[in-house]
Amino acid sequence: MRGVGLRNVDEAGKTTARALRTFEGAPKGYWWIVGALVALASAAMLLHESGSWMLDLAPLWGASVNIRAFSCDAHSLGLVFGYAVTQINGRKFARLVGDGLFWLIFFIAQVGNVLLFYGCLTVLDAPFAIVAVQFVGAASGAWFFVAASQVACMVGPALFMGTIVAVVALTTLIVQGLFSMLEATSPLLVSELLHLGLVVAAGLCLVKAMAPGSCFPESYRRSFAPIRTREDGGGETTEEKRGSASSDRRPDDLAPSRRRAPLCVRLFVIVGSYGIVFGFLHVIPLALPLGVVARVASFLVGAVVALALFIVTLRRGRPVDVSLIWNRFYRFVFPVVCVAALLGPLTNSSEFLPALIMQACALYYFDALLAMACSVIGQAINAAPSQVFGRAFLIRSIGFLLGNLVGSTVYERVVLDAAAFSVIGTAVFVLLVLVTFNMNSEKYAKTVWGLLPHEDPRGRYERTRDERCAALADQFGLTEREAEVLRLLARNKRPREISDVLVVSVATVRSHVHAIYTKTGVHSAAELVKLVECPQDKN
């Protein structure tokens, strides 16, 4: 029994050490931009959540309407607008991100938007003005999220996975935890001051993140390849089948064997369909008699379960790639969403709490997987993360908006009794079965998920080599930054080139190289390359 206890302590120590290594080696200013994202995203979400808590009915054209439904629609429309603006002109977007005057105006506008929101609640008594304020808040939050996502190119998958967990956990605790308690126990002025504090904190964090040499401005100075997509479903070309495809030919130079719907359409089918379901299920609780405890508990418990599932299902798999993410998507997101939809008529006595927890769990897990997929895809094809994240979350938000509109219509015209919930659950199940299991293919996932171009032999070789480096890093306990250096060494990069890529000094690179040699037991670059190419020899 004592031996078992010691082994358990040892395993716990190893797990803690691995978690600490995940957060080591973050580039300069990385956590400042993450902090700015958490603060501003929380402030933007609070505009919507506070409106949903405090708005009820208001007269419109002689009839009473539910302003909460308008609030949800305005928030969703603002997200669509914010993401869409980032995709209009990538160069102009990058110039704005580096403009200090623009950021000053941006945060002054955020402070003014928060003040106007609380003024409409307490002084002006203008519920429809609150809807407009929520549109602006959601649009600016989406814009900032895409801007901050660019730093994904500066870190590896393990650190970015930890970042996703931190952002989701902190924003949920701030919005659903802290401010929900304040809503029930404190004057509105307290919430207003703390809300303004979030905006100010985001601005201060951004100032630190914009310092010279920090990863945020440096990420926008990198050169990226344009995103190219193919019209076919990712099938092999005639030249590939004959084995004559050249490794230096561009993907769009290869003639597709057959033509299908454009990728943007197929991407919307899968991501947009799930967005529609989430948007629909988000509006339905408007008709439920929920208390503060039930609403807060559903979000907090759902977030905890989703993040635990996210960590376990990715960390125990092979090196994270699009195929692995797609596998987790249809194995976990699909059943959780279906269960959430089907639980409605069975949980009336418990304020629909189990259904709402499953709904929140599915939404958080879906968004975490989508963000992870965008990061992996951006690095795989050397595309600007802001463009990959912006396109993926734009499609997700369009679907969410459509689901909101459908849900609002159902809410206004249908009595949500047990029979109605049964019909809704069945419709959601049928839709997701048709969407999910007609696209269950590794080759299809590589195109539909991330705008991946056609993979040539050289691309396959480089991806396999990166997977070997990741496996060696895990085997020998390399830190996140040492794993990045190993990956670049395997690509025959010199220390000077590595220092330019990672924005660190040459001396720091040489220190990482020495640590890699020591941990792996090699004595030269040639031995290291051999270890990467034939890792079984070292075993």
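Just so it is clear, the structure is predicted and the values come from calculations on it, not from any experiment.
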At their closest point, which heavy atom of [X] faces which heavy atom of [Y], and how far apart are they?
X	Y	value
Phe299	Thr172	O-CG2, 4.1 Å
Leu486	Ile516	N-CD1, 3.7 Å
Phe93	Ser386	CE2-CB, 3.9 Å
Ser42	Leu198	CB-CD1, 4.0 Å
Ile498	Lys493	CG1-CB, 3.7 Å
Cys215	Met154	CB-CE, 3.9 Å

Does any non-hydrogen side-chain atom of [Y] lie less than 4.5 Å from one of [X]?
X	Y	answer
Lys519	Glu482	yes
Phe334	Tyr274	yes
Phe107	Val200	no
Tyr517	His523	no
Arg396	Leu370	yes
Tyr364	Leu307	no
Glu480	Pro157	yes
Thr518	Phe476	no

Audit row: Ile174, Val38, side-chain contact (heavy atoms from CB on, under 4.5 Å) steps and yes/no: CA-CA 9 Å; Ile174 292 172; Val38 169; 4.1 Å; yes

Presence of salt bridge, Arg221 and Glu218, under 4.0 angstrom: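 Yes.
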
Lys/Arg-Asp/Glu bridge criterion (N-O < 4.0 Å) met for Glu484, Arg481: yes

When rounded to the nearest 0.5 angstrom, what distance separates [atom1] in [X] from [atom2] in [Y]?
X	Y	atom1	atom2	value
Asp367	Phe400	CG	CZ	8.5 Å
Thr520	Leu478	OG1	CG	7.0 Å
Ile398	Ile276	CD1	CD1	10.0 Å
Leu178	Leu170	CG	CG	12.0 Å
Ser298	Met358	OG	CE	13.0 Å
Arg95	Tyr220	CZ	OH	13.0 Å

Intermediate values then yes/no, side-chain contact (heavy atoms from CB on, under 4.5 Å), Leu314 and Arg328: CA-CA 8 Å; Leu314 290 189; Arg328 281 11 182 193; 3.9 Å; yes

Trp143 and its ring pair (Phe, Tyr, Trp, His ring centres under 6.0 Å) partner, picked from Tyr83, Phe393, Trp103: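 Among the candidates, only Trp103 passes.
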
Mutual orientation of the aromatic rings belonging to Phe366 and Phe278 [parallel < 30°, tilted 30-60°, perpendicular > 60°]: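 It falls in the tilted class, 30° to 60°.
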
Arg222 atom CZ, over 12 foreign heavy atoms within 6.0 Å: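 Above 12, so yes.
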
State whether the side chain of [X] and the backbone N or O of [Y] hold a donor-acceptor pair below 3.5 Å, judged by distance alone.
X	Y	value
Lys28	Pro212	yes
Thr171	Val168	yes
Thr163	Leu159	yes
Gln176	Leu173	no

Tyr365-Thr313 side chain donor-acceptor pair, cut-off 3.5 Å: yes

Candidate list Val167, Leu37, Leu79, test side chain to side chain contact (heavy atoms under 4.5 Å, CB included), partner Phe145, passing option: Leu37

From CA spacing to verdict: side-chain hydrogen bond (donor to acceptor under 3.5 Å, both in side chains), Ser140, Gln110: CA-CA 8 Å; Ser140 58; Gln110 298 307 304; 3.1 Å; yes

Residue pair Thr508, Ser511: steps toward the side-chain hydrogen bond (donor to acceptor under 3.5 Å, both in side chains) verdict: CA-CA 5 Å; Thr508 301; Ser511 175; over 6 Å; no

Test log, rule side-chain contact (heavy atoms from CB on, under 4.5 Å), inputs Cys205 and Trp31: CA-CA 9 Å; Cys205 288; Trp31 293 114; over 6 Å; no

side-chain contact (heavy atoms from CB on, under 4.5 Å) between Arg487 and Arg465, intermediate numbers included: CA-CA 8 Å; Arg487 189 161 54 246; Arg465 182 185 58 202; over 6 Å; no

